[in-house]
Amino acid sequence: MNYRKFLIAALLVMSFAVQAKDITVTRLTCEMRDGRVTTSDTPRLGWQMSSPENGTRQTAYEIEIRDVWAGKVVWNSGKVKSAQSQLVSCADAVLEKDRHYTWRVRVWDEADTPSAWSAPSDFSILTSEAAFAGSEWIGAITRKDARIPEGRKYHGSELKKPEAKAAWAAVDTLAKKSIYLRREFYVAKKVKDATAYVCGLGFYEFSLNGEKVGDSEFAPLWSDYDKSVYYNTYDVTSQVKKGGNAIGVLLGNGFYNVQGGRYRKLQISFGAPTLRFRMVVNYEDGTCETIVSGKDWKYDFSPVLFNCIYGGEDYDARREQKGWNMFGFKEQDWRPVVIQEAPKGVLRPQIAQPVKIMERYDIRKVTKLTAEQITAACKSTKRTVDPSAFVLDMGQNLAGFPEITVRGKKGQKITLLVSESLTDEGACNQRQTGRQHYYEYTLKGEGVETWHPRFSYYGFRYIQVEGAVLKGQKNPFRLPVIQKIQSCFVYNSAPKISTFECSNRIFNDAHRLIEKAVRSNMQSVFTDCPHREKLGWLEQDHLCGPGLLYNYDLTGFVPQTLQNIADAQHANGAVPTTAPEYVVFEGPGMDAFAESPEWGCTFVVLPFMYYETYGDDSLIRKYYNGMRRYIDYLTTRADNGIVSFGLGDWYDYGDFRAGFSRNTPVPLVATAHYYMVVRYLAEAARMLDNRYDVACYTRLSEEIKEAFHREFYHKDTRQYGTGSQCSNALPLFLGMVPADDRQAVLDNLVADIKRHGNRLTTGDVGNRYLFQTLARNGLNELMYTMHNHEEAPGYGFQLKFGATTLTEQWDPRQGSSWNHFMMGQIDEWFFNSLAGIRTVEGKPGMKEIEIRPRPVGDLTYVRASTQTLYGKVAVDWTREDGVFTLKVTIPVGCTARVFLPDEKEPKIVESGTYSFKK
């Protein structure tokens, strides 16, 4: 009897212990993203889980979907035995388009114990036709009446041609102006929910009842407006009030309408500023009301007198109209809008995160320019510098704009000139970054005024202030007094998902330099620099891709990037170097900038990097035909398997000014990338079960490899091409070297590095292949030595130089941009080698994780983490007194193979936190 009581008690304790694992379902996503809108008829759902116990796993789930408007459950999956918690299809559910749904999920653990239901999340299956039903494009002037030049893009010397000058000079000035638009509506019943759909081109600021809706800048994200036009969706339920309401929209030019006036990299216009708008108000009684853009709206000119994405912005606060976006405003002097031509592009919901003011920086140092410095600065900067000028060092190079809080008299004007470097006289220097770019603010003289630009930004660290004084300074001429000034760091709000720190100062600071440069250039697209060009040069997207995917949630950004690339693809299959393709590079010496395989191959490579990170092959499937068209185009350009055009290893390093590839033959680099994308396409065909293409492109890849080896390999020296580091690293990385020669080629690569004093000679393209070839062949000690110094070329030299963002050249003294992330490929090594975090080969998606840290050099610790779809993966290792200690954290739903240094057999762990010593 006592034995039976003991057994029952033991079973109860065991049962309680099993249940105490206590899975909690967290972070519900639709199509891997937070947010309300999807265009998929069968959206894929996902969730994360947490548990206080190690080894917990999901064995089943149940999903419930409810129609919000109908107020009922429309689908329940029932209990599904599965460990899948990401990209879970709800194809069996009958879901209607243009409806609003909420859903929740619960899971069962390994003991078949259910969790509580998750908190609900929502999504809408939205079509653009429904989002903007009944609305029209409105503005101040039609494209036809504005006489905007037909055709596409003007760049460089093309802009100097008489016919181009005449065409742009004939454009009506109304087509360049920023305008206000407004519309009132009345609410008589209790509101259940309200949603606004907004597309204001080039950029807009949307307000409701006098308050800005959302906190984005430069909305919507830019695109090739002849192909795709992005719009935003807002939940405005809390801002719609009973009684009178007013909608206000401020429009600026953006990339939709670059007409110059100051510095401009290019000149292009898809039309005058324009708005398409629809708001849906659902009432508690089941009725609905819509407010749409149409001929009943009115417009007037805004206080933004000048705005250009390249040239800056002028604002006259005296022209503000108080209450213009409030109900009851007297609009009798406003003009009726005109119905405009629609942009040619397809309306698409913006799935990438918005751009926002993400950080702010205060003054670090103030320098008053002397009369002699001002005189000299006028000559060096090619502009008149006001005698009142002083320069602020804000401490951080960044992309954005200044914000001022000022008090002064009506009509006084303040000029803000920004730059990332200074002249010898100490004035702001825009010579390398595009001049003139500046901001002018004219005061209204009504107490304290706060302002920042709305439609333009620049890359800068320094602010030159003219026509004002700082609070506390002498003011004999009674100039406006700036009470506060800040640098606003503006970038895409895609969340940062990583941490990295180690015992090496250079590596930590290099990681910081790269992060600041990436963020500066992470705008609507990944740009090359935030001032001179602002163009979406494509090569860095894949060459720095793994590092970007470790550091940022790109579940929305990459798909939108691929849409931009698909839009840029030419009819013959060619992929240009930039997307959106605002510029066509034509004329002598421009061909290499127009097309280059190392840039165009992003269209093929990036979907596979996305697949490896997230386990989502949808981009490969969606763009397969475009990828194939690109490769077929490259084949037409190949001569017996050799592709001979492009930029090659751009900005490689040597005793010369960086630019075109000097160390490595362009055909070698181009052909290696041709081979790489053909191999990727054969794999994509295999995933799509396209057997014909598998055979066709596998055969083509072998033919390219044979041609490459025949053309570039020197059997006598075991070298490729010139024997440069890029020449040998590329074929080694891509597996193009015959097995019998592989070690000899690798030895030659190492010998060249040592011959250069353990320094690299690669550039923008070659860096990744060099770094990863060393890492993947167990040469991490050499990688450590190659980067652990303060000489050029190297990250340490940039730090010693005083850079606060990564620079375009290995030696920033040679000029060019000081805010450019294309050389940031070392971040991949920090995470996948030093920390050792990666997905198991052949198992994309980070559900099966490999932890293989590499303690090298004199490193005593590395701490790093990244967020997968399943949750946080973290590594923390230390080396002290001959003992290696490793702590790993694995999210619920994942398993990990943990390799301690020099051990060949892994330790297999499931979710939780584990410690190991050796």
* Measure centre to centre between the rings of Phe507 and Phe500, then say whether the value is under 6.0 Å. => no
* Asked: Are the side chain of Asn551 and the backbone N or O of Glu515 linked by a donor-acceptor pair below 3.5 Å?
  -> no
* Pair listing, salt bridge (charged side-chain N to carboxylate O under 4.0 Å, His left out) test, anchored in residues 799-820, at least two apart -> Arg532-Glu808, Asp811-Arg813
* Asked: Phe489 vs Tyr361 aromatic rings, parallel, tilted or perpendicular, using cut-offs 30° and 60°?
  -> tilted
* Asked: Between the main-chain N or O of Ser520 and the side-chain N or O of Asn819, is there a donor-acceptor pair closer than 3.5 Å?
  -> no
* To do: Any chance you could measure Ser644, atom OG, to Leu668, atom CG, to the nearest 0.5 Å?
  => 10.5 Å
* **Distance-minimising heavy-atom pair for Val525 and Ala579** => CG1-O, 4.2 Å
* Take Ser456 and Glu313 through the side chain to side chain donor-acceptor pair (under 3.5 Å) test and state the conclusion after the steps. => CA-CA 6 Å; Ser456 189; Glu313 194 162 324; 5.4 Å; no
* **Shortest non-hydrogen contact between Pro453 and Pro402, atoms and distance** => CD-O, 3.4 Å
* To the nearest 0.5 Å, tell me how far Asp747 CG sits from Asp752 CG. => 12.5 Å
* **For Met358, side chain to side chain contact (heavy atoms under 4.5 Å, CB included) partners two or more places apart** => Lys356, Tyr491, Ser493
* Give a yes or no on whether the backbone of Asn564 and the side-chain of Ser223 come within a donor-acceptor separation of less than 3.5 Å. => no
* For Ser727, does its backbone N or O pair with a side-chain atom of Ser724 as donor and acceptor, under 3.5 Å? -> yes
* Please round to the nearest 0.5 Å and tell me the distance separating atom CZ of Phe712 and atom OH of Tyr720. => 11.0 Å
* Less than 6.0 Å separating the ring centroids of Phe218 and Tyr457? -> yes
* To do: Return yes if some donor-acceptor pair links the side-chain N/O of Thr423 with the main-chain N/O of Asn429 below 3.5 Å, else return no.
  => no
* Asked: Can you name the nearest heavy-atom pair linking Asn492 to Gln523, along with the distance?
  -> ND2-O, 3.2 Å
* Would you check if the side chain of Arg718 reaches a backbone N or O of Lys715 as a donor-acceptor pair within less than 3.5 Å? => yes
* Sub-6.0 Å ring centroid separation between Tyr795 and His787 -> yes
* To do: Using a 4.5 Å cut-off on heavy atoms from C-beta on, say whether the side chain of Val258 contacts that of Cys308.
  => yes
* Measure up the Tyr439 and His437 rings against each other and bin them: parallel (under 30°), tilted (30 to 60°), perpendicular (over 60°). => perpendicular
* Asked: How about Phe585 and Trp537: are their ring centres within less than 6.0 Å of each other?
  -> yes
* Can you list the residues that meet the ring pair (Phe, Tyr, Trp, His ring centres under 6.0 Å) rule with His789, with sequence neighbours excluded? -> none
* **No-hydrogen, no-angle side-chain donor-acceptor test under 3.5 Å, Asn728 and Gln719** => yes
Kindly list each side-chain donor-acceptor pair under 3.5 angstrom involving residues 651-659, sequence neighbours excluded, with atom names and distances?
residue	atom	partner	partner atom	Å
Tyr651	OH	Ser816	OG	3.1
Asp652	OD1	Arg662	N	3.3
Asp652	OD2	Arg662	N	3.0
Asp652	OD2	Asn663	N	2.8
Arg657	NH1	Gln814	O	2.3
Arg657	NH2	Gln814	O	3.1

* **Candidate list Val558, Leu538, Asp541, test side chain to side chain contact (heavy atoms under 4.5 Å, CB included), partner Phe526, passing option** => Asp541
* Does one side chain, of Glu595 or Tyr633, offer a donor that lies under 3.5 Å from an acceptor on the other? -> yes
* Asked: Looking at side-chain heavy atoms only, is the closest gap between Glu533 and Val583 below 4.5 Å?
  -> no
* Structure fact -> Distance col, row Arg519:CZ vs Tyr552:OH, nearest 0.5 angstrom, shows 5.0 Å
* Does Ser524 reach the main-chain N or O of Trp222 with its side chain, forming a donor-acceptor pair under 3.5 Å? -> yes
* Measure the shortest side-chain to side-chain distance between Met394 and Val418 over non-hydrogen atoms and say whether it is less than 4.5 angstrom. => no
* Output yes when a side-chain donor or acceptor of Thr805 lies under 3.5 Å from a complementary backbone atom of Lys516, and no otherwise. => no
* **Cation over ring face, Arg776 and Phe733, 6.0 Å, 45°** => no
* Asked: Quick check, are the ring centers of Trp599 and Phe593 under 6.0 angstrom apart?
  -> no
* Do Asp224 side-chain atoms and Glu581 backbone N/O form a donor-acceptor pair below 3.5 Å? -> no
* What pair of heavy atoms forms the shortest contact from Glu711 to Ile642, and how long is it? -> CB-CD1, 3.8 Å
* So which pairs with a foot in residues 666-678 pass side-chain hydrogen bond (donor to acceptor under 3.5 Å, both in side chains), sequence neighbours left out? -> Thr635-Tyr674, His673-Tyr769, Tyr675-Arg679
* For Glu420 and Asn397, indicate whether the former's side chain and the latter's backbone hold a donor-acceptor pair under 3.5 Å. => no
* By side chain to side chain contact (heavy atoms under 4.5 Å, CB included), which residues pair with Ala670, not counting sequence neighbours? -> Pro597, Glu598, Val643
